[in-house]
Amino acid sequence: MPNIELIEKMLPVAPLKIAAMESCLELGQKVNDYIVSFRQNTINEVTESPIYVNYRSNNYLVDCACPRFGSGEAKGMLKESIRGTDLFIMTDVCNYSLTYTVNGHLNHMSPDDHYQDLKRIISAATGKAHRINVIMPFLYESRQHKRTKRESLDCALALQELISMGVSSILTFDAHDPRVQNSIPLYGFDSFNPPYQFMKALFRAVPDFKADKEHLMIISPDEGAMHRAVYFSNVLGVDMGMFYKRRDYSTVVNGKNPIVAHEFLGDDVTGKDVIIVDDMISSGESMLDVAKQLKERHAARVFVCTTFGLFTEGFDKFDEYHEKGYIDKVITTNLTYLPPVVKEKPYFVTADMSKFLALIVDSLNHDLTIGAVLNPTDKIHALLKKYNQI
């Protein structure tokens, strides 16, 4: 595992603390447990030094909360001291399962609510923590990353606001467009990608999976996901294809121009397994249409790999397409909230990101390079070698 040997020889920047907000509690607990195990296995002769206070702790999680008044207004609370610590605040802005009441009416928390709560916890910590880092797996407003005519630039504004509140670095995953970091050019912004975890999950879930040119193709569902598909196909040494969305630009439905058709560019997929790779499934409509078209072009099996499974319109269509044989597996990470019902779906596979995230946090706490973490090529090649794929 990269960085482990370096971590054993380095001092932490400051005592580590993780504030996993209610939206991110389960993932935060897993990350904490991995860091505890990393550090218990770290052999260091100078752990008696006062600098190592808190280093071999059994818990790095901070007790924090955002209680609300009857009007729906909230406040951020840290229930223990974080003075002088290297604080990592974790939040999942897509966790719609949490609720609160406004004058007796029940509201489900929206991304806006989660973002406000994040600012409240930052506000409670500002001036006390040695350094504040934000882990926001799904980058808030990341789909509103550029301006068309008279529109708000929400993602850039949010990043600038967090920096103005004292945040040192922002960690996210598979940002819809990483160039949004141009809005905060002098501050830390890292967007990580999970291709290694996708491949690991696929090999475990599909024992006869073959990642070679004769048996596999990588598919980009649209032009926006091209860079992911290009990376995947190059690392695996397989062909790729892409669809492009033909839209009706004369009308707007639900805030976007409706898709008229998906047109395919690429080689013959007959008899090959295909991996459709994208950053998110929202309603899933376009992803499912792409899967159906690939099956109609006689693809063998269709695997969907997506970082964020939002499933904004439920699972009925996915159930239907699985039953019809259009999709074989849907692999998504546990970086955002997934309803318990997904565990009952025969086609659903979770790529666990908690160990990966724990390594990132531990490396940053030691001010180590995360270049090896950002580039998973070597890990994917080692995985292919393990399964005798190269």
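When a residue number appears, it is its place in the shown sequence, counting from 1.
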Tell me if a side-chain donor or acceptor on [X] pairs with a main-chain N or O of [Y] at a distance below 3.5 Å.
X: His215; Y: Gly271; value: no
X: Asn365; Y: Ala14; value: yes
X: Gln181; Y: Pro178; value: yes
X: Asp222; Y: Ala225; value: yes
X: Gln160; Y: Ser183; value: yes
X: Ser23; Y: Val93; value: no
X: His322; Y: Ile327; value: yes
X: Ser57; Y: Asn59; value: yes
X: Thr306; Y: Met280; value: yes
X: Thr312; Y: Ser282; value: yes

Between [X] and [Y], which heavy-atom pair has the shortest distance, and what is it?
X: Cys66; Y: Met21; answer: SG-CE, 4.2 Å
X: Val230; Y: Ser233; answer: O-OG, 3.0 Å
X: Ser354; Y: Lys30; answer: CB-CB, 3.5 Å

Tell me, yes or no, whether the heavy-atom count around [X] atom [atom1], taken from other residues, nucleotides or ligands under 6.0 Å, exceeds 12.
X: Glu22; atom1: CD; result: no
X: Gln29; atom1: CD; result: yes
X: Glu285; atom1: CD; result: no
X: Tyr100; atom1: OH; result: yes

- Query: Would Ile170 and Leu162 satisfy side-chain contact (heavy atoms from CB on, under 4.5 Å), going step by step from the backbone distance to the final call?
  - Reply: CA-CA 9 Å; Ile170 295 161; Leu162 294 178; 4.1 Å; yes

- Task: Walk me through it: do Asn193 and Tyr231 pass the test side chain to side chain donor-acceptor pair (under 3.5 Å)?
- Result: CA-CA 11 Å; Asn193 294 303; Tyr231 173 78; over 6 Å; no

- Task: Under the ring-ring contact (aromatic ring centres under 6.0 Å, His included) rule, collect the residues that match up with Tyr96, sequence neighbours excluded.
- Result: Tyr337

When you compare the side chain of [Y] with that of [X], does any pair of heavy atoms fall below 4.5 Å?
X: Leu236; Y: Ile218; answer: yes
X: Asp352; Y: Gln197; answer: no
X: Thr172; Y: Phe138; answer: no
X: Leu87; Y: Asn133; answer: no
X: Ile275; Y: Phe209; answer: yes
X: Met353; Y: Thr307; answer: no
X: Phe303; Y: Val206; answer: yes
X: His381; Y: Thr377; answer: yes

Under 3.5 Å, is there a donor on one side chain and an acceptor on the other for [X] and [Y]?
X: Gln116; Y: Lys119; result: yes
X: His176; Y: Asp279; result: yes
X: Asp112; Y: Ser110; result: no

- Take Arg297 and Asp268 through the salt bridge (charged side-chain N to carboxylate O under 4.0 Å, His left out) test and state the conclusion after the steps. CA-CA 8 Å; Arg297 292 171 185 272; Asp268 186 17; over 6 Å; no

- Message: Exactly one of Leu118, Leu159, Ile121 should register a side chain to side chain contact (heavy atoms under 4.5 Å, CB included) with Val134. Which one does?
- Response: Leu118

- Looking at Val13, Leu171, Thr369, which one forms a side chain to side chain contact (heavy atoms under 4.5 Å, CB included) with Leu364? Leu171

For the hydrophobic clusters of this structure (ILVMFWY residues joined by side-chain heavy atoms under 4.5 Å, transitively), does one cluster hold both [X] and [Y]?
X: Met109; Y: Leu338; value: no
X: Ile331; Y: Leu294; value: no
X: Val180; Y: Tyr115; value: yes
X: Ile82; Y: Met77; value: no
X: Phe232; Y: Leu384; value: yes

Electrostatic pair [X]:[Y] at N-O distance under 4.0 angstrom:
X: Arg131; Y: Asp367; value: yes
X: Asp208; Y: Arg301; value: yes
X: Arg39; Y: Asp362; value: yes
X: Lys317; Y: Glu313; value: no
X: Asp273; Y: Lys210; value: no
X: Asp177; Y: Arg143; value: no

- Item | Selection residues 69-80 - residue pairs positive for side-chain hydrogen bond (donor to acceptor under 3.5 Å, both in side chains), sequence neighbours left out | Lys17-Glu80, Ser71-Glu73

With sequence neighbours excluded, tell me which residues meet salt bridge (Lys or Arg N to Asp or Glu O under 4.0 Å) with [X].
X: Asp33; result: none
X: Arg68; result: Asp117
X: Asp190; result: none

- Item | CA sep, side-chain torsions, deciding dist, call: Leu216, Lys272, side-chain contact (heavy atoms from CB on, under 4.5 Å) | CA-CA 5 Å; Leu216 183 67; Lys272 290 185 178 182; over 6 Å; no

- Aromatic contact, Phe356 with Tyr196 (centres under 6.0 Å): no

- After noting the C-alpha distance and the side-chain angles of Leu265 and Phe243, does the key distance pass the side-chain contact (heavy atoms from CB on, under 4.5 Å) rule? CA-CA 6 Å; Leu265 303 171; Phe243 284 83; over 6 Å; no

- Output, in order, the C-alpha distance, side-chain angles, deciding distance and verdict of ring pair (Phe, Tyr, Trp, His ring centres under 6.0 Å) for Phe318 and Phe311. CA-CA 9 Å; Phe318 285 87; Phe311 304 106; 5.2 Å; yes

- Message: Test question: given the 4.5 Å side-chain rule for I, L, V, M, F, W and Y, name all other residues clustered with Val252, or answer none.
- Response: none

- Item | Working for side-chain contact (heavy atoms from CB on, under 4.5 Å), residues Phe264 and Val269 | CA-CA 11 Å; Phe264 183 64; Val269 298; 4.2 Å; yes

